[in-house]
Chemist: 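Structure below; questions to follow.
Reckoned from all heavy atoms, side chains included, excluding hydrogens, waters and symmetry mates. Counting from 1, the numbers follow the sequence of the chain as shown.
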Amino acid sequence: LLPCKQSSDRNHCAFFFNSAERRTCVQEEYYICKTFECFLGRLDQPRHPKSHQRQAQPVHSSTRTWVNTFSRIPLVVDGIIEKANLKPTDSVLEIGPGTGNVSVKILPKCKKLTVVEMDPRMAAELSKRVQGTVEQRKLDIIVGDFLKVNLPYFDVCISNTPYQISAALTFKLLQHRPLWRCAVLMFQREFALRLVAKPGDELYCRLSANVQLLAKVDHVMKVGKNNFRPPPKVESSVVRIEPRQPPPPIDFNEWDGLLRILFGRKNKTVSATFKNQTTLDMLEHNYKTVCAIKGTDVPMDFNVKDAVQAVLDSVGMSESRAAKMDNDDYMKLLSAFIDAGFRFTAA
């Protein structure tokens, strides 16, 4: 502990830091914490706060606060690969391979493996790991941000997903063409449970409805945090995603625009949700834009609030709640709005 001055009032045992001492204490505490993290292998060696030397460059942005390496239970890796049902003719995409604990078990089972790794050091380690083996020619390494790179053709995707990009990664895969056969992805437990949640579940949300519109999602297994080294603070789960083929004939932007409104307050009635003035202004603007594009006149007695309520009454959903509606309900409601001339995205 750092020394501090004692209060001049002898009736109090309180201690206090002056500004300079408090700043020094915070710096020392930061240094101790970072040194401990370095000991665990999470960060490069930090500079002491009193050092006047130039501090080392920060760790590459792709380096996670804990390394996603299975080290204690190889059966978890085998289970993930088994759920992918790999064929000898498959081209496989792996996202975030790290040092390649999963990659080296995929290679003997497929025709080609493409990995996307943001950290050049991890990519170099993986390349070194397969160098000189018969599997080397099967491996193609892309160094870069998964969300920015162009993806090659693949049949199966396997990923120990960086949790901070879970949603963006999922939708990039679902929008990829040509469609793939399946993806076996590891996510943070809560995110995975949202993907598979059903209407009425506490975790059912816009994410659930959007993903389930485009794909079939199954919860495969739970993965405890002790399966990682060092262990993260959250539990994980593995899900299997199979895109619907053919994809549903629907404008996804319109669909998502409707769901944004409904899930803004998912436990309110649909009628109450659509009484929000901002929502009504948006619908009125889009309605008038569509009329202008079609060359039709807006009725003189047009009242957007009454028109929206008429749509809800026509499908009998005024008293429904988004939290308990399924995708068929959303699709029926969206179709009724479009037939009435309303849009949920800018024309």
Side-chain angles (χ1 to χ4, degrees), residues 66-117 122 125-126 129-130 133-142 146 151-163 166 169-170 172-174 176 178-197 211-212 214-229 231-232 234-245:
W66 44 273
V67 181
N68 289 345
T69 55
F70 295 107
S71 59
R72 300 189 180 182
I73 306 181
L75 289 177
V76 174
V77 178
D78 295 336
I80 290 174
I81 296 174
E82 179 184 354
K83 295 300 180 180
N85 295 327
L86 295 180
K87 302 176 182 178
T89 56
D90 280 341
S91 293
V92 180
L93 174 69
E94 185 185 4
I95 306 163
T99 57
N101 288 354
V102 180
S103 309
V104 295
K105 294 196 174 187
I106 296 175
L107 282 167
K109 300 177 180 294
C110 69
K111 180 180 180 180
K112 181 180 179 181
L113 172 63
T114 301
V115 301
V116 181
E117 174 57 60
M122 293 289 188
E125 185 66 26
L126 173 57
R129 192 166 180 175
V130 299
T133 68
V134 294
E135 311 296 351
Q136 182 179 359
R137 61 182 179 82
K138 294 183 180 181
L139 180 64
D140 183 18
I141 301 177
I142 299 175
F146 171 79
L151 300 180
Y153 170 84
F154 62 94
D155 300 295
V156 176
C157 177
I158 296 176
S159 173
N160 181 15
T161 308
Y163 293 163
S166 295
L169 179 147
T170 301
K172 178 167 182 175
L173 288 176
L174 290 173
H176 180 72
L179 282 174
W180 30 275
R181 189 171 74 248
C182 77
V184 180
L185 312 174
M186 182 178 296
F187 293 118
Q188 183 176 335
R189 177 75 52 79
E190 182 178 348
F191 183 87
L193 294 179
R194 288 181 185 277
L195 290 181
V196 300
V211 173
Q212 292 171 28
L214 302 174
K216 177 186 175 184
V217 189
D218 295 309
H219 187 278
V220 172
M221 69 174 79
K222 297 179 180 179
V223 181
K225 54 189 176 184
N226 291 330
N227 292 315
F228 299 93
R229 186 187 62 188
V234 296
E235 302 289 344
S236 302
S237 284
V238 178
V239 299
R240 177 185 168 94
I241 300 177
E242 296 181 21
R244 300 191 186 279
Q245 301 195 39

Chemist: Taking the basic N atoms (NZ, or NE/NH1/NH2) and the acidic carboxylate oxygens, is any pair closer than 4.0 Å for Arg240 and Glu242?
Modeler: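 Salt bridge between Arg240 and Glu242, a charged N being under 4.0 Å from a carboxylate O: yes.
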Chemist: So do Ile158 and Ile106 actually touch side chain to side chain, heavy atoms under 4.5 Å?
Modeler: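 SC-SC contact between Ile106 and Ile158 confirmed.
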Chemist: Quick check: do Phe191 and Val234 have side-chain heavy atoms less than 4.5 Å from each other?
Modeler: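 They are not in side-chain contact.
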Chemist: Verify the neighbour count for atom NZ of Lys112: are there more than 12 heavy atoms of other residues, nucleotides or ligands below 6.0 Å?
Modeler: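 No - once you tally the heavy atoms of other residues, nucleotides and ligands closer than 6.0 Å, there are 12 at most.
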Chemist: Closest heavy-atom contact between Asn101 and Arg129?
Modeler: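 Closest heavy-atom pair between Asn101 and Arg129: OD1-NH1, 2.8 Å.
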Chemist: State, with a plain yes or no, whether a side-chain heavy atom of Phe154 is found less than 4.5 Å away from one of Thr114.
Modeler: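 No, too far: nothing below the 4.5 Å cut-off.
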Chemist: Just verifying a value: how many Å separate Leu195 CG and Asp218 CG, rounded to the nearest 0.5 Å?
Modeler: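 Output value for this atom pair is 11.0 Å.
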Chemist: Distance from Thr161 atom OG1 to Met186 atom CE, nearest 0.5 Å?
Modeler: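 The CE atom of Met186 is 8.5 Å from OG1 of Thr161, to the nearest 0.5 Å.
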Chemist: Please tell me if the side chains of Lys216 and Ile241 come closer than 4.5 Å, counting only heavy atoms from C-beta onward.
Modeler: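 They are not in contact (no side-chain heavy atoms under 4.5 Å apart), so the answer is no.
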Chemist: Any side-chain heavy-atom pair from Trp180 and Val156 closer than 4.5 angstrom?
Modeler: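 No; the side chains remain at least 4.5 Å from each other.
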Chemist: Testing the basics here: between Arg189 and Ser237, what is the closest heavy-atom pair and its distance to 0.1 Å?
Modeler: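 The answer is NE-OG, 2.6 Å.
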Chemist: Looking at every non-hydrogen atom in both residues, tell me the closest pair between Pro97 and Glu117 and how far apart they are.
Modeler: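 Pro97 and Glu117 have their closest heavy atoms at CD-OE1, 3.3 Å.
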Chemist: With side chains defined as the heavy atoms from C-beta onward, is the minimum distance between Ile95 and Cys157 less than 4.5 Å?
Modeler: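 Touching, per the 4.5 Å side-chain cut-off.
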Chemist: Let me confirm one number: the CG-CG distance from Leu179 to Asp155, rounded to the nearest 0.5 Å.
Modeler: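 Result: 11.5 Å between the selected atoms.
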Chemist: Identify the heavy atoms of Ser159 and Leu169 that sit nearest to each other, and give their distance.
Modeler: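 Shortest heavy-atom contact: OG-CD1, 4.3 Å.
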Chemist: Going by an N to O cut-off under 4.0 Å, is there a salt bridge joining Arg194 and Glu190?
Modeler: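 The answer is yes: the pair qualifies as a salt bridge.
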Chemist: If you look only at distance, which donor and acceptor atoms sit under 3.5 Å apart when one is on a side chain in residues 82-93 and the other is two or more places apart or in another chain?
Modeler:
| from | atom 1 | to | atom 2 | distance (Å) |
| --- | --- | --- | --- | --- |
| Asp90 | OD1 | Arg181 | NH1 | 3.1 |
| Asp90 | OD2 | Lys87 | N | 2.8 |
| Asp90 | OD2 | Arg181 | NH2 | 2.7 |

Chemist: Supply the atom-to-atom distance Asn160 CG to Ile80 CD1, rounded to the nearest 0.5 angstrom.
Modeler: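 Result: 7.0 Å between the selected atoms.
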Chemist: Of all heavy-atom pairs between Leu107 and Glu135, which one has the smallest distance, and what is that distance?
Modeler: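 Heavy atoms of Leu107 and Glu135 come nearest at O-OE1, 3.6 Å.
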Chemist: Kindly compute the distance separating CD1 (Ile81) from NZ (Lys105), expressed to the nearest 0.5 Å.
Modeler: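 The NZ atom of Lys105 is 6.5 Å from CD1 of Ile81, to the nearest 0.5 Å.
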Chemist: Nearest heavy-atom pair of Ala215 and Arg244: which atoms, and what distance?
Modeler: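 Here Ala215 and Arg244 meet closest at O-NH2, 3.5 Å.
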Chemist: I would like to know whether Glu125 and Thr99 meet side-chain hydrogen bond (donor to acceptor under 3.5 Å, both in side chains); could you show each step before the answer?
Modeler: CA-CA 6 Å; Glu125 185 66 26; Thr99 57; over 6 Å; no
Chemist: Quick one, Val115 and Asp140 - any side-chain contact, counting heavy atoms below 4.5 Å?
Modeler: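 Sidechains of Asp140 and Val115: no contact.
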Chemist: Using the side chain to side chain contact (heavy atoms under 4.5 Å, CB included) rule, take Leu185 and Leu173 through it: C-alpha gap first, then chi angles, then the decisive distance, then the call.
Modeler: CA-CA 11 Å; Leu185 312 174; Leu173 288 176; 4.0 Å; yes
Chemist: Calculate, to the nearest 0.5 Å, the distance between atoms CZ and NE2 belonging to Phe187 and His219 respectively.
Modeler: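 NE2 of His219 is found 11.5 Å from CZ of Phe187.
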Chemist: Go through it in stages, so that I can follow the logic: the residues are Ile141 and Leu139, the test is side chain to side chain contact (heavy atoms under 4.5 Å, CB included), and I'd like the CA-CA distance, side-chain angles, deciding distance and then a yes or no.
Modeler: CA-CA 6 Å; Ile141 301 177; Leu139 180 64; 4.0 Å; yes
Chemist: Should the heavy atoms of other residues, nucleotides or ligands under 6.0 Å from NZ of Lys109 be counted, would the total exceed 12?
Modeler: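 No.
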